Number of protein chains: 2
Amino acid sequence: MKKVTENSIHKNDSKQLARFAKALGHPTRIAILKHLESQSCCFTGDLVEIFPLAQSTISQHLKELKNAGLIQGEVNPPKIKYCINKENWKTAKGMFQGFFG
Amino acid sequence: MKKVTENSIHKNDSKQLARFAKALGHPTRIAILKHLESQSCCFTGDLVEIFPLAQSTISQHLKELKNAGLIQGEVNPPKIKYCINKENWKTAKGMFQGFFG
DNA sequence: ATTTCCAATCGTAAATGTACGATTGGAAAA
DNA sequence: TTTTCCAATCGTACATTTACGATTGGAAAT
């Protein structure tokens, strides 16, 4: 990035939709979300067993999904239980629906 | 990327959906697609006027959308007319719908 | 107090993405 | 043929992403 800040040239809608899309833009994250949809919830460790990826890598993907608002985690010591964030999920669904017409 | 190739560990569905999502993962590309949806078609130059971005940058975004299959361009010398690729658009729409349930 | 356990974070390396200006390519117009 | 025009591509710089192993953090168990 050099000259243009990319900050104010786009509408908020486009920015939010792009943010959601970006979070969905990796097959591992899609698979994590599919798993959460089917299981309703799961622990990080479950995912580490499912995917042949390092624990730190899974954690990073979860962090991105969390930052995008698509999932949420609640502590359940010593584990952490992750679920779909239903409210934002609905928002994302609506935005994609609206986008695709 | 170091150890895992990320090639065969995901289902094709997840990979394709992620590919579409990735293409949508930038506000400029969202905006381009919105514009194509509303106009049905447009030339590269139109977009260069709309967005405060270099011509080469717009071209790059168009290339990514084309590679993802979301748009197609037909030559109309000396211009190139870009349109939504309706077939793939429908596919993407269906995949997102299925994903969000 | 120490150990155990799970997950987050750190540090790092390599690949990819995003932007720019400059150059190239190819068709139409002069 | 030369010029003009539009868009693609090249070369480059810097940011971000993705992966790993190692370390840290915090709560529960010993």
Side-chain angles (χ1 to χ4, degrees), chain A residues 1-10 14-15 18-32 36 41-68 71-83, chain B residues 1-10 14-15 18-32 35-36 41-68 70-83:
Chain A
M1 236 176 286
K2 232 186 263 177
K3 293 279 169 57
V4 174
T5 32
E6 281 288 348
N7 215 349
S8 55
I9 75 173
H10 292 298
S14 295
K15 286 200 281 184
R19 214 172 287 136
F20 281 136
K22 196 174 183 182
L24 300 179
H26 193 286
T28 296
R29 291 195 289 272
I30 292 286
I32 289 172
L36 286 179
C41 279
C42 78
F43 301 109
T44 308
D46 302 346
L47 301 170
V48 174
E49 283 173 21
I50 294 173
F51 302 107
L53 294 170
Q55 177 261 321
S56 55
T57 303
I58 298 287
S59 244
Q60 250 177 335
H61 283 304
L62 288 171
K63 187 183 181 182
E64 279 192 60
L65 290 172
K66 205 166 52 179
N67 286 344
I71 66 171
Q72 60 198 11
E74 63 177 64
V75 288
N76 204 333
K79 301 191 176 185
I80 291 183
K81 193 175 67 175
Y82 279 106
C83 314
Chain B
M1 233 176 287
K2 232 185 262 175
K3 293 279 170 58
V4 174
T5 33
E6 281 288 348
N7 216 349
S8 55
I9 75 173
H10 293 297
S14 295
K15 285 200 280 185
R19 213 171 288 134
F20 281 137
K22 195 175 184 180
L24 299 178
H26 193 285
T28 296
R29 291 195 290 271
I30 292 286
I32 288 173
H35 191 254
L36 286 178
C41 279
C42 78
F43 301 109
T44 307
D46 301 345
L47 300 169
V48 174
E49 282 174 23
I50 294 173
F51 302 107
L53 294 169
Q55 178 261 322
S56 56
T57 303
I58 299 287
S59 244
Q60 249 177 336
H61 283 304
L62 288 170
K63 187 182 180 183
E64 279 192 61
L65 291 172
K66 204 167 53 180
N67 286 343
L70 292 170
I71 66 172
Q72 60 198 11
E74 64 177 63
V75 287
N76 203 335
K79 300 191 175 187
I80 292 183
K81 193 174 66 176
Y82 278 106
C83 313

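Protein chains get the first letters and strands the later ones, always in sequence-line order, with residue 1 at the start of each. Treat the numbers as computed from the prediction; the structure is a model and nothing was measured.
Within the nucleic acid shown, B:Thr44 comes within 4.0 Å of sugar-phosphate atoms alone, with no base atom in reach, counting heavy atoms only. Within 4.0 Å of B:Phe51, counting heavy atoms only, lies no atom of the nucleic acid at all. In this structure, B:Gln60 reaches the bases: a heavy-atom distance under 4.0 Å links it to at least one base atom across the strands shown.
Across the interface with DNA chain D, nearest-nucleotide mapping of A:Lys22 and A:Gln55 shows A:Lys22 to be the residue nearer the 5′ end. Summary of the strand contacts: B:Lys63 and A:Ser56 both lie near DNA chain D, and taking for each the nucleotide with the nearest heavy atom, the more 5' one is attributed to B:Lys63.
Taking the C1' atoms of five terminal pairs at each end of the helix from C:dA1-D:dT30 to C:dA30-D:dT1, the two resulting helix axes are inclined by 10°, rounded to 10°.
In this structure, of D:dC6, D:dA19, C:dA7, it is D:dC6 that holds the atom nearest to the side chain of B:Lys79. Across C:dC20, D:dA7, C:dA7, the shortest atom-to-atom separation from the side chain of B:Ile80 is found for D:dA7. Distances from the side chain of B:Thr57 to the nucleotides D:dC6, C:dA19, D:dA8 place C:dA19 closest. Looking at the side chain of A:Ala54, the nearest of the listed nucleotides D:dT18, D:dG21, C:dA8 is D:dG21. Of the candidates D:dA8, C:dA19, D:dA7, the closest approach to any side-chain atom of B:Tyr82 belongs to D:dA8.
The distance from the SG atom of A:Cys42 to the CG atom of A:Leu62 is 7.5 Å, given to the nearest 0.5 Å. Rounded to the nearest 0.5 Å, atoms CG (B:Leu65) and CD1 (B:Ile32) are 6.0 Å apart.
B:His61 has no side-chain polar atom (N or O) that falls below the 4.0 Å cut-off from OP1 or OP2 of C:dG17.
Note on ring orientation: taking the six-membered ring where Trp is involved, the planes of A:His26 and A:His61 are tilted (angle from 30° to 60°).
The backbone N or O of B:Ala23 lies less than 3.5 Å from a partner atom in the side chain of B:Arg29, making a donor-acceptor pair.
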